[in-house]
Each structure stands twice: as structure tokens, then as C-alpha cells.
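See structure below.
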Amino acid sequence: MKFDAEAFIREQVGLIRNAVPGRAIIACSGGVDSTTAAVLAGRALGDRLLAVYVDTGLMRKDETADVERTLQALGVNHRILRAADEFFAALRGVSDPEKKRTIIGRKFIELFEPEATTFGAEHLVQGTIAPDWIESGGQLRDRIKTHHNVAGLPADMKLKLVEPLRDLYKDEVRAVARALGVRVAERQPFPGPALAVRVIGEVTPERVALVREASAIVEDEVQAAASRGLMPLPWQYFAVLVPVQTVGVHGDLRVYGHTVAVRAVESIDGMSATYSKIPHDVLDRISTRITNEVPGVNRVVYDISNKPPATIEWE
Amino acid sequence: MRVFVVDNGGQWTHREWRVLKYLGVETKIVPNDTPVGGLQDLDGLVLSGGAPRVGVDPSKMGRNGEYLDAFGGPILGICAGHQFMAKHFGGEAAPAKVPEFGKSLLNVREPDVLFEGLPDRFEVWESHNDEVTVLPPGFVGLASSPNCSVQAMRHRSEPIFGLQFHPEVEHTQFGGEIFRNFLKVCENPR
């Protein structure tokens, strides 16, 4: 038996209508899960739905502009909140990955609640998928990491949750997205806490800018190599800023610079993964470009860990 | 056909549910303190893996012992479910000398319905700190990996199976086939 996206859509539209008698807001990052949930909820609720996107200052290069286009194309009510300063202020001095995730989860809700009140919504729709609640743990299940949309929600949150994609994995969400004609159906996964969990250690605007540039180069080179047939497009591919400084030599001068790790994996559902066997020529181009184009980085390493024992993201 | 999954707190419990669903089985995840009376009219039961350390503290395994004694139908124990099964029936589970995480190679040593139609060696995905160190009486070892001698076992005459590796994980080769073979047993338990 295959996953039946059409039947799933019919069922969920009915369930969302039953769950939400009034109005709802949806937290939409522009990624596959939340955008798919937004379209599903839009079908069920029409004008009774408001999609809210937060520019946290932690998004990838040109991402906010791209999400605005996605939201416009969806044809649902939407609002874009600019809150970069608030997020950086809340994250100042924090380097523990679980604290980062919890702070970000709480910040999101602090921003959503007034929006919901203004719109007259009692429900919050989220694009939570199976790995989010599985990895967030609870009772017998160990917490692997705090997914901001599950274990990162404040205990006193008043909004009632609606999560139509809870039992799906990414491959199934993509099938639903394709059936709904969502333009970001094939986009690579991107974590809710965004680049905050790709800057190991303290999250500052400078360090986020650095990993943003490095990630753009990884995406650029990997996509170019895949389109030239040099390699399959990995499930996910990105850069991580590692809090390790090492020695280099630039124009006969000693430098003591940052290290960037490149991560690329193959997976179906995000619950197990193997590192991508990227051709060395492609790794070489990525390395040369990052160390030449991103100021302060003089070393690039490639992460060759599978999941388990590692996870896909570093935090 | 109805086969439920007992949730022992595994990262891949929901994957077991998904694989069964894709195989056309009516399935549901149930907590491991569900009374055995609540598991009537089922054709089989999967005991999931989980965070509890069976080799150290089996007390978090709820009513798994009752299921093994009183369920009456085919049972497939996976990882912690498999280790608990060994301990419950008089074998031993203990911290593994070499815990396995991620890719490993399965070596099938005894032909069995569970591995019917599959090669003798294939890649499987692991994630365990403990392992079965002594087979329980009445059980036979079916497969091993380079770092773990009991990767699969079964009761000699009852349809009770244990697997240390994770057939429900996408990266395990022939995982779906192993579940399909277990479902064949569920269809015809004797």
C-alpha cells in the first residue's frame, strides 16, 4: 500500500474544520511542512485563517523575500513580523543548544499570541511532523532535542494546537505538498530555530551572517553539481559554524580563523541518514570558495557521520 | 489483519507503525502499560525498542512480560523488546561490549521464515547500548553481526521472534520483507 495523499487531504480538511469552529493562525516559516499545513488549513478554513511568518534574523540568504512570494502565491491571509533584534537579544550569551531551542520556541509564541488576539483566533495550526514530537521525547521516550514547536512551547500557552501533519514524515509531507501544488514541495528541510542551531556556541548577528554566507555557497555548489549530473541532490546540505579557531596562512601572514563544517546527508524520513558521498572535486570547490569568500574562515571540514550515531543537525 | 505496536519509548516506534500501515495492516501504537486484555482480537504484536536499559533496569518495560506470557499470538520484539524477551524467558541481557550505532552487517546463520527469500548477508541499522548475552532456553540464535552475536532469535516452536537490529528503518535493507515475513506468520501462526 502506498501513502494516499489525496485521501489524506480530504480527511484532514474535514478534521481541521471540526477542530476549528472559529478562527486560527498558522505559524509559517515558508518550509515544506508549515507551508503544506497552511494550504491544508486554508482549504479547510478559508478567510478564517491567518498565516504568520516571523523574520527572526536567523533565516538563510534572501529567504524572507522568498517566503513572502510563497505566502502571496498561497492566496491566504498573511502577516510578516520583523523581529530579528528581539531574537538576538533573547539569545545573547546563550550557547547551550537546548536553551537556544527553548528560547526560540517561547519567543515565537510571544509573537503569535498578540497576532491571534487581534485576528480573533483561538487556535494555532502548526506544521509539526512525526520526527518533531518523537525527538522531543516525553514519558518513556528520551528527548534527543527540543523541537521548538513541540517541547519548546511555553507551558502557559493559551492557543489550542492543531497539527494535521503529526503522523507524517517528510517524504509523505512532500507527497501532500505536490498534490496541493505547493511550490516549495521539494525544498530541503530547514530547522525551525534556523541558523541559531548552525552556529555552535553563542548566536550573534556576525556569526549568523558568517554561516549564512557559507551555507549559501554550499547550496550553490551542491545544486550546481547536481544539475550537471555530478552527484544526486542530497536530502539536506548546509554549513555549520564550529567554535574552533585554527591557524592558517594568508598572503604570507599568519591568521587564526574560524572553522566551517559542511554537512550533507541522504535520508527518506530524517529518522536515519547516511552522509552524502559528495565528489572530492565538488568538496574542493566548496572549500576554496568558503575560505576565499567568507572573511574570517580559513578551514573547512566535511562531516562524515551517519544518523545514528550523530543527528543530521549539529544541535 | 490487525497487528499493534507496543511503545517502549523508541525513536523508531512510529516507523514500525508506518511500515505495518504501508503493508496494509490495521495497526495502532499502544502504551506499554496497556492491560493484555486490551489487546484481544489481534493477529500479532510488535514490542518496540526504546530508551529503557533492559540490561540495567528492566522496570520501565511495563507489561511486556504479560504480553509475552499471555498474548497467545505471534510476537516480534525489536531492540529493547528483543532484549526484554531474552531476559524474561530466562536468558540474559547486559551492556554490550561494543554497542552498535548506525550501519552494520547482518549475517544470517540459521534459515528461518523471518529471513525467507533474503540473502545471507545484508546491511542493517542499529542503535543499542545493551544486547542479549545468553539465549533463553528453547530459543535459537538466527543471525549475528561482527560486534553482536545475537542479532536475531526465535523460539523453537512458538511464533516468538526477537531482533536486535531495526527492520523498520529506511536504511536497513530488506526491512519491509522481514515485516512481510512476520505478517505471514501472523496469518498462519502454526
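In the text below, chain A, chain B and the rest are named by the order of the sequence lines, each starting its count at 1.
A salt bridge links A/R198 with A/E313: at least one charged nitrogen is closer than 4.0 Å to a carboxylate oxygen. Between A/R143 and A/E135 no salt bridge is recorded (no basic side-chain N to carboxylate O distance below 4.0 Å).
Note: A/F8 and A/F3 have tilted aromatic rings, judged against thresholds of 30 and 60 degrees for the angle between ring planes.
Taking B/T172, B/V169, B/D7 one by one and counting their heavy-atom pairs under 4.5 Å with chain A, the maximum is reached by B/D7. Across B/H171, B/E170, B/E100, B/K103, the residue that shares the most heavy-atom pairs under 4.5 angstrom with chain A is B/H171. Per-residue heavy-atom pair counts under 4.5 Å with chain B were compared for A/A310, A/G138, A/A273, A/P131, and the maximum is reached by A/A273. Between chain A and the options B/G10, B/G62, B/S127, B/P31, the largest number of non-hydrogen pairs under 4.5 Å is found for B/G10.
For an aromatic pair to be called close, the ring centres must be under 6.0 Å apart, and B/H166 with B/W125 fails this. The six-membered or imidazole ring of A/Y169 lies near that of B/H14, with a centre-to-centre distance under 6.0 Å.
Heavy atoms of B/E126 lying under 4.5 Å from chain A belong exclusively to its backbone. A/S305 does not touch chain B: none of its heavy atoms, backbone or side chain, sits under 4.5 Å away. For A/D171, the part lying near chain B is the side chain, with the backbone staying farther off; criterion is any non-hydrogen pair under 4.5 Å. B/N32 touches chain A through its side chain: at least one heavy atom from C-beta onward sits under 4.5 Å away, while N, CA, C and O do not. If you measure heavy-atom distances from B/R18 to chain A, the contacts under 4.5 Å come from the side chain alone. Proximity to chain B is limited to the side chain of A/N306, based on heavy atoms less than 4.5 angstrom apart.
Minimum interatomic distance between B/F165 and B/Q151 (heavy atoms only, all atoms of both residues): N-OE1, 3.3 Å.
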